[in-house]
Amino acid sequence: MSESFRESRTESMTPDRRRVGNVVALRDQTTGEVFELDERRRWVVGSSPSCDFTVRDPFVSSRHCLIERRPGGSVVVRDNDSRNGTFLDGNPIEAAELRVGAHLRVGRTTLVAVAASGGGERPTALESLRGHDPVLRATVEQAVRAAPTDCSMLILGETGTGKDLLARVIHEASRRADGPFVAVNCGAIPRELIASELFGHEKGSFTGAADSRDGYFIEANNGTLFLDEIGELPIELQPNLLRALEAKRVRRVGGHSDRAIDVRIVAATNRTEGLGTESSRMRLDLYHRLATVVLSLPPLRERIADLGELVEAMLQELAPEFGAKHVSDEAWMALAGYGWPGNVRELRHAIARAVALGGDELGPRDFFPDAAMRQRLSSTTPPLIDVGAIAPYQVVLRGAMEQALQTHGTIRAAAASLGMPKSTFADRMKTWQLHTRRKPRLPLGRTKAAESED
């Protein structure tokens, strides 16, 4: 970076006259992709896949800038010595407050700071975790049952399945709900700064340590610390983490005394190869310390019956900004026929892009702009659900009902598993000519009252 550019950079942290409200997301002005600022306190923006927000732009540095949320809710963006600089509303910055409506430019990409839609309260994590798939609901129920205890939990699942949301469900259902929820992406922390980020550091303890700082363990005291992608933590640093968990005390880098902590640990990983064995990337002793309760989230392709509910909810979230949108029948078939390797996160990005760039009716091209992908979907990939003779939007619900009936056998139990009123379930069964499993003949002496549950 040139010296003239460095001299022109601003250090302003003064608020300007913008819309009120806290920034909850950044929206790519070109693609419409939305980067949510979730419950964590710090996010890394850059071109590296290990960043919290990966920007596909050759002019963006691998770790371009940092975004931090202050205790009061305001958001600050800091340049990370990027090669092309970080700009806020056209001005080069080193650090500045990110206000609602501001335009943050990294490389040749502009991100718009977005406030929460509407004036209502933010939904709970349990309300946000949508879907009625039996495997998903069983996992959520297990998490809620274990939440009031202080046992550590390990969440397994592919990238984008909602591990961070399930961690927040656990926090909100625990006795620590009024305490802080601190989320840390272990894969986004530079190797040499992991100890400092987790445990804090003293001033002057290493090059660049201009001030003393508390780590994430202290920030999460009396609350929950969510260690996302813990499988990315270097194995030689894992004993330090294990020591803190066992002793319930931490020491800053360069410090001489320990501080007691009261923190509930929820960890997550998408690296399940050899987990719990010597071949795993996670030490066995750390695994057994974290895996008191193990929760597994299914990928989206295994709960495709939830697709309709997810899509409709995401469209409603974006409606205040972009207006109501309609998904064409062809688009529903394309969505149902895709394997979604990035799971719900990829689905959310696809919908954000389609809504931002598409018209009132969204077609396959809006969700899948790549022509080669559209060709594969239309010519070689059969839908993951049977579209039958009903509208594609209704397919996902019919498939879920059929699966519930096969699993539970009765209307009452099947309706309960999907969270539907029994009368609504029965009406749709009649319309779509669905049937329960045939019941065995009643033994002598039994009355019809035994069948009254249907």
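- Residues His132 and Glu309 come closest through the heavy atom pair ND1-OE1, 3.1 Å.
- Between atom CZ of residue Arg249 and atom CG of residue Asp258 there is a gap of 5.5 Å, rounded to the nearest 0.5 Å.
- Using a distance-only test at 3.5 Å, with no hydrogens or angles considered, a donor-acceptor pair links the side chain of Arg264 to the main chain of Cys151.
- Using a 4.5 Å heavy-atom threshold, the side chains of Asp211 and Arg213 count as separate.
- Across all their heavy atoms, Val60 and Val106 have their closest contact at CG2-O, 3.4 Å.
- Between Arg191 and Glu236, at least one side-chain nitrogen of the basic residue sits less than 4.0 Å from a carboxylate oxygen of the acidic one, meeting the salt-bridge criterion.
- Not a single donor-acceptor pair under 3.5 Å links the side chain of Arg99 to the backbone N or O of Ala113.
- A donor-acceptor pair is defined here as one N or O able to donate and one able to accept, closer than 3.5 Å; no such pair exists between the side chain of Arg105 and the backbone of Phe87.
- Atom-to-atom distance recorded for Arg42:CZ and Asn185:CG is 12.5 Å, nearest 0.5 angstrom.
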*Run the numbers on Arg271 and Glu229 for salt bridge (Lys or Arg N to Asp or Glu O under 4.0 Å), then give the verdict.*
CA-CA 8 Å; Arg271 293 185 175 273; Glu229 304 303 350; over 6 Å; no

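- A donor-acceptor pair under 3.5 Å links the side-chain atoms of Thr139 to the main chain of Val135, judged by distance alone.
- Not a single donor-acceptor pair under 3.5 Å links the side chain of Lys163 to the backbone N or O of Asp228.
- In this structure the side chain of Gln142 reaches within 4.5 angstrom of the side chain of Arg145, judged on heavy atoms.
- Ala125 pairs by the side chain to side chain contact (heavy atoms under 4.5 Å, CB included) definition with Leu165, Arg168, Val169, Glu172, not counting sequence neighbours.
- Taking each heavy atom of Glu158 and Pro299 in turn, the nearest pair found is OE1-CB, 3.7 Å.
- Ring geometry for Phe368 versus Tyr338: interplanar angle over 60°, hence perpendicular rather than tilted (30 to 60°).
- Under the 3.5 Å distance criterion, the side-chain polar atoms of His171 are matched with a main-chain donor or acceptor of Gly179.
- Between atom CD of residue Glu36 and atom CD of residue Glu317 there is a gap of 7.0 Å, rounded to the nearest 0.5 Å.
- Across Ala268 and Phe226, no two heavy atoms sit closer than the pair CB-CE1, 3.6 Å.
- Using a 4.5 Å heavy-atom threshold, the side chains of Leu245 and Leu290 count as touching.
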*Trace of the side-chain contact (heavy atoms from CB on, under 4.5 Å) decision for Asp57 with His64*: CA-CA 11 Å; Asp57 182 337; His64 197 99; over 6 Å; no

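- Taking the side chain as every heavy atom from C-beta outward, Leu26 and Val34 never approach each other to under 4.5 Å.
- With contacts defined as side-chain heavy-atom distances shorter than 4.5 Å, the pair Leu295/Met153 qualifies.
- Smallest separation of non-hydrogen atoms from Ala147 and Ile170: CB-O, 3.5 Å.
- In this structure, the side chain of Arg301 does not engage the main chain of Pro341 through any donor-acceptor pair within 3.5 Å.
- By the side chain to side chain contact (heavy atoms under 4.5 Å, CB included) test, Ser152 is found to be paired with Ile265, Arg289, Thr292, residues two or more places apart in sequence or in another chain being considered.
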*Kindly indicate, with the supporting measurements, whether the criterion side-chain contact (heavy atoms from CB on, under 4.5 Å) is fulfilled by Leu307 and Leu335.*
CA-CA 8 Å; Leu307 184 68; Leu335 292 171; 3.9 Å; yes

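- Within the 4.5 Å cutoff, no side-chain heavy atoms of Val45 are placed close to those of Leu66.
- Using a 4.0 Å cut-off between charged side-chain N and carboxylate O, Arg175 and Asp150 make a salt bridge.
- Side chain of Arg137 to backbone of Gly131: a donor-acceptor contact under 3.5 angstrom is found.
- Atom CD of residue Glu219 and atom CG of residue Leu198 lie 10.5 Å apart, to the nearest 0.5 angstrom.
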*Worked verdict on Glu197 versus Val184 for side-chain contact (heavy atoms from CB on, under 4.5 Å)*: CA-CA 9 Å; Glu197 293 291 300; Val184 182; over 6 Å; no

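- Panel note: side chain Asn80, backbone Ser82; no donor-acceptor pair is recorded below 3.5 Å.
- Contact of the Arg63 side chain with the Pro190 side chain is registered, since non-hydrogen atoms from C-beta on lie closer than 4.5 Å.
- In this structure, Ile194 CD1 and Phe199 CZ are separated by 10.0 Å, a value rounded to the nearest 0.5 Å.
- With salt bridges taken as basic N to acidic carboxylate O contacts below 4.0 Å, one links Asp214 and Arg252.
- Proximity of Leu37 to Phe53: side-chain heavy atoms (C-beta onward) are separated by under 4.5 Å at one or more points.
- Residues passing the side-chain hydrogen bond (donor to acceptor under 3.5 Å, both in side chains) test with Ser128, sequence neighbours excluded: none.
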_Residues Leu166, Val266; criterion side-chain contact (heavy atoms from CB on, under 4.5 Å); working and verdict_ = CA-CA 10 Å; Leu166 184 60; Val266 178; over 6 Å; no

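- The two residues Val263 and Phe217 have their closest heavy-atom pair at CG2-O, 3.5 Å.
- With hydrogens and angles left out, the side-chain atoms of Asn343 and Thr161 include no donor and acceptor closer than 3.5 Å.
- When atom types are taken as modelled, the side chain of Asp52 and the backbone of Val44 share a donor-acceptor pair closer than 3.5 angstrom.
- Annotation: Glu278, atom CD; neighbour count of heavy atoms from other residues, nucleotides and ligands within 6.0 Å does not exceed 12.
- In this structure, CG in Leu233 is found 11.0 Å from CZ in Arg283, a value given to the nearest 0.5 Å.
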